[in-house]
S.K.: 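Got a structure here, written out as structure tokens. Questions coming.
The chains referred to below are lettered A, B, ... by the order of the sequence lines, with proteins before strands, and numbering in each begins at 1.
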Amino acid sequence: MKGYNPQEIEEKWQRIWDERGIYNVSEDPEKKKYYVLEMFPYPSGRIHMGHVRNYTIGDVIARYKRAKGYNVLHPIGWDAFGLPAENAAIQHGVHPAKWTYENISQMRQQLKRLGFSYDWRREVTTCDPSYYKWEQMVFVRMLERGLAYRKSSVVNWCPSCETVLANEQVEEGRCWRCKSRVESKEMEGWFFRITDYAEELLDGIEKLRGKWPERVLTMQRNWIGKSVGAEIDFPLIEPVDGIDALRIFTTRPDTIFGATFVCIAPEHPLAERLVKGKSQESEALDFINRIKKQSNVERLAEGLKKEGVFTGSYCLNPLTGETIPIYVANFVLMEYGTGIIMCVPAHDQRDFEFAREYGLPIRVVIKPEKEELNPESMRAAYEESGIMVNSGEFSGLPSEVGKEKIIEYIESKGIGKRKVNYRLRDWGISRQRYWGAPIPVIYCDRCGVVPVPDDKLPVELPLNVEFTGRGGSPLAKLESFVKTTCPKCKEPARRETDTMDTFVESSWYFLRYVSPDFDRGMFDREKVRYWLPVDQYIGGIEHAILHLLYARFFTKVLRDLGMCELDEPFSSLLTQGMVIKDGAKMSKSLGNVVDPDDMIKKYGADTVRVFMLFAAPVEKDLDWSDEGIEGAFRFLNRVWRLVTDSLSRIESFKGVRPDPNSVSDSARELLVKVHKTIRKVTLDLERFQFNTAIAAIMELLNSTSRFEIKGEEDVPVLRESVETIIRLLYPMAPHISEELWELVGYRETLVDKPWLEWDGKLLESESITIVIQVNGRVRSQIVMDSEADEDEVKRAAFSDERVKSYIAGKEIKKVIVVPKKLVNIVV
RNA sequence: GCCCGGGUGGCGGAACUGGCAGACGCAUUGGACUUAAAAUCCAAUGGGGCGUUGCCCCGUGUGGGUUCGAUUCCCACCCCGGGCACCA
């Protein structure tokens with residue numbers, strides 16, 4: 001018999017699966033649907049071990065669910081827009097389109113070589129105009145509804161690349177590409193109003209509890225950063241430009257009697273007006289300008305040092321009626337709240353530090369339960385709740401109650417209102433880059449911003465551009481693209497040359513898979529109704545916030561545009577850990593990269609898959625081990641050998657059911673093991689515990705290899721065990737399983753075979769080993785019939801010789817019997 | 001600082017809902033096969049002890065608690081990983 005030759009059999013089965021199109025699915029109202037999706041890859045050139053792990057997990061789930069009778073949708077595509085393509089163009093003169101499509105065709109071959117069960121007819125590529133056309137149309141709808149808008153804001157600017165960088169593209173204050181220092185710059189750009197959905201996105205998190213990893217939910221919750229409080233007016237002593245009060249935001253209205261000064265952000269337009277004509281003017285303006293020049297990164301890096309300068313202006317504390325000073329301070333953020341805060345040094349650590357630095361009064365207004373606070377000797381602010389003191393008519397109230405009372409009071413006086421703030425900012429989607437979906441708007445001197453009409457979509461990305469890496473986006477320099485006519489007045493106009501953030505494409509690709517060729521809209525609504533939501537989404541933890549939050553937001557927008565009925569796109573989320581080597585992420589610079597192709601060449605796809613699943617639980621990081629993959633290869637070889645070695649013995653027993661009552665004891669034991677393994681593997685696959693599922697198959701393999709046939713009636717047991725191993729292994733290592741299945745005499749492929757069921761009766765009727773403890777320590781074991789009642793078990797326990805020696809001459813205080821498990825005798 | 005995870009042999013890891021800690025794999029050691037090696041197979045492998053082939057004690061980050069019984073539950077602390085970090 002031939003040895004295990006993975007190259008040969010893997011190619012064979014991949015061809016057979018492909019020819020028969022066995023993974024192609026369509027809607028079937030008779031069957032329960034299951035949509036399993038892995039995060040699609042960026043076509044960087046070659047797949048890496050992280051992809052292999054991600055897609056192997058998805059493939060096991062897809063094959064298992066299919067065997068369980070589900071109509072399984074399992075698609076793949078390409079997140080094909082992005083900066084690396086443009087860099088390749090700048091550095092090597094290859095056009096981004098050519099580079100991207102060549103990478104895709106290479107990576108597609110690699111995925112096929114791993115035997116993943118995709119419906120390849122549904123492949124989507126986001127840089128294709130037939131894909132981004134729909135995204136542009138949605139952009140226009142959003143624009144019409146005010147969900148997309150243009151504004152000026154402070155961005156990260158790389159002076160060398162002459163482009164904006166997203167926050168995540170800034171590493172320690174430097175450009176991730178050219179390492180030059182990033183500057184802050186005010187720029188116009190397009191935004192999606194994700195903040196309108198802050199509350200719903202937060203609510204949704206509660207509904208995803210238990211189905212998404214808690215960590216991801218926590219990260220999203222923090223990112224949205226809801227805080228409840230109030231906005232309150234602090235009247236100015238001298239009004240400026242008709243403004244007679246400063247509106248502040250606070251989450252602690254209960255501490256307002258302790259507000260001894262007010263701070264304003266340096267970027268706040270009022271800051272400069274407040275200092276005008278004051279003796280502090282030049283000093284204050286110097287400070288404001290110095291802080292404004294710092295990039296966000298620098299300002300955060302300088303971090304803990306609180307700095308400020310007195311404006312020379314005063315306002316009133318609206319509750320105490322006291323006159324208090326107004327400062328400009330570096331720790332106040334323009335983007336959050338109103339950009340102005342009331343400062344309560346006794347009960348806020350930042351205000352406390354600032355007050356100590358500048359000698360401002362500290363007044364205690366919240367008293368802790370037990371201790372007394374002394375403003376002179378306090379070393380830190382008291383930020384917890386307590387009893388209100390020095391707070392006029394509110395004194396004596398618990399601070400939590402006082403918070404409500406003060407809000408009611410200021411609302412009744414018309415000097416403020418209850419207010420909820422979010423840390424979440426609107427999503428800036430403009431990129432001064434070429435390789436992305438053009439933003440479909442036209443600027444007309446007469447009509448202003450005009451969206452491109454639907455019948456003129458898509459705005460195709462022109463391919464005849466030059467890549468110099470200098471002077472901004474190549475699009476802006478392409479006159480034939482920029483020059484156009486206004487759709488409204490037909491006069492000459494200019495096109496927007498920014499492209500969309502690539503996270504926009506990945507915010508809806510999972511919807512496009514249901515009808516990839518649909519040309520009357522983004523997707524076929526009926527098909528979305530059938531397939532969505534995604535039942536199981538699988539990907540790396542690195543997308544915990546960005547992609548997963550954007551996709552949730554975009555789904556809700558599409559719903560509100562009346563395009564679908566979906567609230568949440570991904571019912572369940574599985575985040576797999578990274579693949580690392582020698583304790584570090586695989587990277588070229590560390591020289592610890594393991595190439596999947598090399599491993600496939602050496603061991604075959606099945607071995608690579610099995611190792612990925614066996615080496616660690618899915619959520620944890622997986623440390624690559626050369627010895628480990630050898631072990632996986634050995635395991636498959638042993639399976640191969642078991643089957644081929646037993647072939648002649650079991651060949652003529654096809655379809656013969658073993659009779660548990662007439663087989664030898666060891667055969668019966670094996671048969672029980674077979675069914676226990678079916679149960680274990682099934683339950684493990686349901687919970688995505690692939691490592692223990694494989695361990696269970698290994699155990700069964702060991703038992704079967706050791707098994708010796710005692711008589712003719714034992715042979716069907718051996719056969720059943722062999723067949724079980726093949727079939728349980730199938731979702732993880734499909735090629736070898738198919739080949740061995742054929743070898744043991746079957747013509748139909750395993751793809752079509754329903755999943756195995758275990759025989760519950762066989763497992764129940766077993767005799768059971770019961771552990772006997774004396775004082776909680778294991779002292780003996782007895783074998784009992786599983787039907788035995790408590791008294792029988794007790795009697796057997798007391799008559800056990802070893803137990804007798806432990807309890808001899810001692811008083812029995814208590815006997816605990818756990819049915820079918822153990823007896824504990826306390827003496 | 002705050003919020004999540006997580007600490008189990010030499011290593012990756014297992015243990016249902018409180019019930020035999022260390023499944024399975026790797027590595028190591030010894031043996032078989034071989035002229036030899038590789039491959040393969042068999043055996044041992046948490047620590048310590050002894051009357052040494054069978055048994056005893058200790059042992060799941062540390063210290064306490066609940067319980068007949070704790071890797072599992074509760075309290076306090078230590079360490080590691082990740083996220084957020086002047087968000088008022």
S.K.: Identify which nucleotide among B:C4, B:C24, B:G19 has an atom closest to any side-chain atom of A:Asn702, counting heavy atoms from C-beta outward.
M.R.: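 Of the options given, the side chain of A:Asn702 lies nearest B:C24.
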S.K.: If you check the A:Met698 side chain, which of B:C68, B:G25, B:G83 turns out closest?
M.R.: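 In terms of side-chain proximity for A:Met698, the closest of B:C68, B:G25, B:G83 is B:G25.
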S.K.: Rounded to the Å, how far apart are A:Leu217 CG and B:G5 P?
M.R.: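 Nearest whole value for this atom pair: 11 Å.
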S.K.: Could you state the CG-P distance from A:Leu546 to B:G83, rounded to the nearest angstrom?
M.R.: 12 Å
S.K.: Identify whether any heavy atom of A:Asn691 sits under 4.0 Å from a base atom; if not, whether one sits that close to sugar-phosphate; answer base, sugar-phosphate or nothing.
M.R.: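 Touches sugar-phosphate only.
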S.K.: Do you know the tightest heavy-atom contact between A:Thr692 and A:Gln689?
M.R.: OG1-O, 3.1 Å
S.K.: Could a donor-acceptor pair under 3.5 angstrom be found where the side chain of A:Gln773 meets the base of B:G19?
M.R.: yes
S.K.: From the list B:C24, B:C3, B:A85, which nucleotide is the closest neighbour of the side chain of A:Phe614?
M.R.: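 Nearest to the side-chain atoms of A:Phe614, counting from C-beta on, is B:C24.
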S.K.: Between A:Asn702 and A:Arg638, is a side-chain hydrogen bond (donor to acceptor under 3.5 Å, both in side chains) present by the stated rule, with each step listed?
M.R.: CA-CA 9 Å; A:Asn702 293 343; A:Arg638 291 188 61 206; 2.9 Å; yes
S.K.: Could you tell me whether the side chain of A:Met732 reaches within less than 4.5 Å of the side chain of A:Arg609, counting heavy atoms only?
M.R.: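 SC-SC contact between A:Arg609 and A:Met732 ruled out.
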S.K.: Is there a donor on the side chain of A:Lys813 or the base of B:C68 sitting less than 3.5 Å from an acceptor on the other?
M.R.: no
S.K.: For the residue pair A:Ser227 and A:Thr251, confirm or rule out a side-chain donor-acceptor distance under 3.5 Å.
M.R.: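 Note: A:Ser227 and A:Thr251 side chains miss the donor-acceptor criterion.
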S.K.: Given atom CG of A:Leu822 and atom C1' of B:U67, what is their separation to the nearest angstrom?
M.R.: 14 Å
S.K.: Can you identify which nucleotide, out of B:G25, B:A23, B:G82, has its nearest atom closest to the A:Arg215 side chain?
M.R.: B:G82
S.K.: Would you state whether a donor and an acceptor, one from the side chain of A:Asn222 and one from the base of B:C84, lie under 3.5 Å apart?
M.R.: no
S.K.: A:Arg641 has a side chain; which of B:C41, B:A88, B:A15 sits nearest to it?
M.R.: B:C41
S.K.: In this structure, how many angstroms lie between the P atom of B:G12 and the CZ atom of A:Arg53, rounded?
M.R.: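 So the CZ-P distance, A:Arg53 to B:G12, works out to 14 Å.
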S.K.: In whole angstrom, what separates A:Asn330's CG from B:A85's P?
M.R.: 17 Å
S.K.: Taking only the side-chain heavy atoms of A:Thr218 (C-beta and beyond), determine which of B:C20, B:C3, B:C57 contains the nearest atom.
M.R.: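 Nearest to the side chain of A:Thr218 among the choices is B:C3.
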S.K.: If you check every side-chain atom of A:Met219, which of B:C41, B:G83, B:C4 has the closest atom?
M.R.: B:G83
